[in-house]
Amino acid sequence: MNLFRLLQARAAAGKPVRVALIGAGKFGSMFLAQVPHVPGLEVPIIVDIDRDRAREACRTVGWDAARIAATTFTDDGARAIAGGAMDVVVEATGNPAVGIKHARAAIAAGKHIVMVNVEADVLAGALLAEEARKAGVVYSLAYGDQPALTAEMVDWARATGFRVVAAGKGTKYLPAYHDVTPDNVWQHYGLTAGEAQSAGMNPQMFNSFLDGTKSAIEMAAIANACGLDVPTDGLLFPPCGVDDLPHVMRPRDKGGVLERSGMVEVVSSLERDGRPVFRDLRWGVYVVLEAPNDYAADCFKQYGLKTDASGRFAAMYKPYHLIGLELNISILSAALRNEPTGQASGFRGDVAAVAKRPLRAGEMLDGEGGYTVWGKLVPAAASLRDGALPIGLAHRLKLRHDVAHGAIVRWSDVEFDANNETVKVRKAMEAAFAAQH
């Protein structure tokens with residue numbers, strides 16, 4: 001509760017926290033909108049493949065001409081990271097290969113790295129976090145996105161003496177969504193293709209939110225950061241409103257849906273027949289906790305917590321997340337406290353590429369949210385055992401074999417370059433953390 005005070009002290013000393021932003025898309029733009037209102041925080045350099053778009057993003061979010069003129073816009077991430085007295089690099093490209101490259105460059109340059117790019121974190125976050133620790137810098141998940149917000153709630157629960165039973169987020173989900181492609185995604189958002197195009201909305205990106213891939217990626221990040229387990233056969237997405245969290249999100253032997261205590265899971269804002277869930281958590285995050293004793297359970301009742309019938313399971317939740325508008329919490333935590341807002345500490349969850357339809361040898365995979373595969377959350381041990389292809393690498397790879405609809409794509413099913421830098425980092429992460437399993 002001291003970040004603003006610490007920032008004021010830095011500002012008064014004439015030593016502002018300086019940030020290099022890589023990727024001026026929606027998340028980056030939301031962060032930029034807050035910068036002029038935070039004395040002591042500066043963004044002297046912005047990296048984007050389209051520099052004119054980045055400038056326009058600054059104008060759109062309210063930057064004045066003087067601030068824009070004082071900012072360097074470049075498309076060279078490596079040079080931006082290597083040069084200048086930056087405290088923190090924010091990686092917000094969404095491209096896992098590019099994200100890993102930028103993260104390692106920031107660590108090598110002695111700069112803290114805030115990884116908005118959850119796709120990169122799930123692909124190799126445990127290794128990147130270890131490299132950052134050895135270099136004496138912070139590698140952090142991005143506050144404002146669900147993984148960091150959930151990790152904060154898990155930390156709160158554990159620090160106050162509660163056992164974490166389940167943690168995760170809400171989303172809009174139906175089983176049929178797994179096979180949705182960019183051609184028919186907009187009907188599920190209540191938009192026409194023309195309306196989406198005029199709003200500048202990317203169908204493949206939005207489809208990755210709908211088809212379950214993004215949920216799997218975020219839950220893997222939470223599991224790896226918080227030491228929680230992932231479901232054996234993928235996320236269940238049970239329909240559940242906030243009042244029912246303690247009842248639904250408890251172990252099966254207690255009447256809930258979980259395999260056991262200590263799991264990540266996503267709750268759906270839709271019943272399986274499409275009706276809306278009462279008091280849904282579509283935009284929020286949650287943690288279900290267990291009272292360690294009868295006294296604590298009595299306190300749950302006395303202070304109005306919703307519990308299950310036993311009174312031992314309760315939930316805390318945050319109904320909304322504000323994406324890039326909240327990112328400063330991560331930036332200031334890294335720069336002023338030398339602490340991450342969530343960080344992979346192991347390799348417990350992975351996201352495997354699964355065929356959306358029967359795939360044929362010779363076809364090219366097109367990555368998350370595309371026409372060929374979606375991402376399924378699986379235990380890391382099972383991913384390693386089965387040789388599952390991570391969704392973060394299922395881009396522009398040619399199939400060597402046919403893959404049945406609903407089957408996991410394996411490394412052996414695709415042609416890949418073992419000398420590719422991203423593949424090498426991923427393989428190094430697998431080797432480094434395989435001993436956990």
Side-chain angles (χ1 to χ4, degrees), residues 1-3 118 121-122 125-126 129-130 133 138-170 218-231 242 245-251 253-254 256-267 281 284-308 310-319 321 326 329-330 333-334 337-349 377 379-380 433 436:
M1 301 177 189
N2 292 293
L3 285 177
V118 192
D121 178 76
V122 170
E130 181 62 24
R133 279 190 290 274
V138 172
Y139 171 92
S140 179
L141 294 173
Y143 201 90
D145 223 348
Q146 291 103 321
L149 296 179
T150 306
E152 178 185 49
M153 297 186 78
V154 168
D155 186 63
W156 164 84
R158 288 171 171 165
T160 48
F162 296 112
R163 182 185 185 190
V164 174
V165 177
K169 68 162 196 171
E218 289 168 344
M219 292 307 103
I222 293 167
N224 294 336
C226 299
L228 295 170
D229 290 332
V230 307
V242 294
L245 284 167
H247 175 76
V248 175
M249 305 309 297
R250 54 184 178 162
D253 62 5
K254 299 291 193 298
V257 302
L258 303 178
E259 293 174 47
R260 57 187 172 278
S261 189
M263 308 283 290
V264 294
E265 187 56 78
V266 177
V267 295
L281 193 65
V285 297
Y286 76 91
V287 61
V288 172
L289 44 99
E290 182 178 3
N293 51 49
D294 291 339
Y295 184 85
D298 288 341
C299 291
F300 285 172
K301 183 177 181 181
Q302 293 159 8
Y303 287 87
L305 271 73
K306 301 277 189 199
T307 67
D308 72 329
S310 76
R312 300 300 290 254
F313 296 92
M316 294 293 278
Y317 61 91
K318 195 169 189 175
H321 66 293
E326 300 182 85
I329 302 299
S330 289
S333 181
R337 288 183 180 153
N338 213 44
E339 290 183 354
T341 51
Q343 174 191 91
S345 59
F347 182 40
R348 304 177 72 90
L377 181 65
F433 291 89
Q436 291 182 346

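Put simply, OG1 on T150 and CD on E218 are 8.5 Å apart, with the number rounded to the nearest 0.5 Å. Atom CG of L149 is separated from atom NE2 of H321 by 7.5 Å, given to the nearest 0.5 angstrom. Considering CD of E290 and CZ of F162, their distance stands at 11.0 Å, rounded to 0.5 Å. A distance of 6.5 Å separates OG in S310 from CZ in R250, rounded to the nearest 0.5 Å. Atom OH of Y286 and atom CG of L281 lie 8.5 Å apart (nearest 0.5 Å). Note that CD of Q146 is 7.0 Å distant from CE of M219, once rounded to the nearest 0.5 Å.
Closest approach of G125 and A344 over heavy atoms only: C-CB, 3.7 Å. The two residues A126 and G346 make their nearest non-hydrogen contact at CB-O, 3.6 Å. Minimum interatomic distance between M249 and V165 (heavy atoms only, all atoms of both residues): O-CG1, 3.6 Å. When all heavy atoms are compared, the tightest approach of P147 to I222 is CA-CG1, 3.6 Å. The two residues P231 and P379 have their closest heavy-atom pair at O-CD, 3.5 Å. Minimum interatomic distance between R348 and N224 (heavy atoms only, all atoms of both residues): N-OD1, 2.6 Å.
A 4.5 Å side-chain heavy-atom check between Q343 and L141 finds every atom pair outside the cut-off. For the pair M316 and W156, the minimum side-chain heavy-atom distance is below 4.5 Å. Two residues are said to be in side-chain contact when any heavy atoms from C-beta on lie closer than 4.5 Å; I329 and L3 meet this criterion. For the pair E339 and S333, the minimum side-chain heavy-atom distance is below 4.5 Å.
Side-chain contact check for S140 and T341: at least one donor-acceptor pair (N or O, by modelled atom type) lies under 3.5 Å. With no hydrogens or angles considered, no side-chain donor-acceptor pair links E130 and Y139 at under 3.5 Å.
Legend: residues meeting salt bridge (Lys or Arg N to Asp or Glu O under 4.0 Å) with D253, ordered by chain and number and at least two apart, are absent. Residues forming a side-chain contact (heavy atoms from CB on, under 4.5 Å) with A314 (at least two apart in sequence, or on another chain): L289, F300, L305, T307.
Annotation for K318: atom NZ counts as buried by contact number, over 12 foreign heavy atoms lying within 6.0 Å.
D308 places no side-chain N or O within donor-acceptor distance of the main-chain N or O of P246, the cut-off being under 3.5 Å.
When each of L258, L228, V288, V230 is checked for a side chain to side chain contact (heavy atoms under 4.5 Å, CB included) with M263, only L258 meets the rule.
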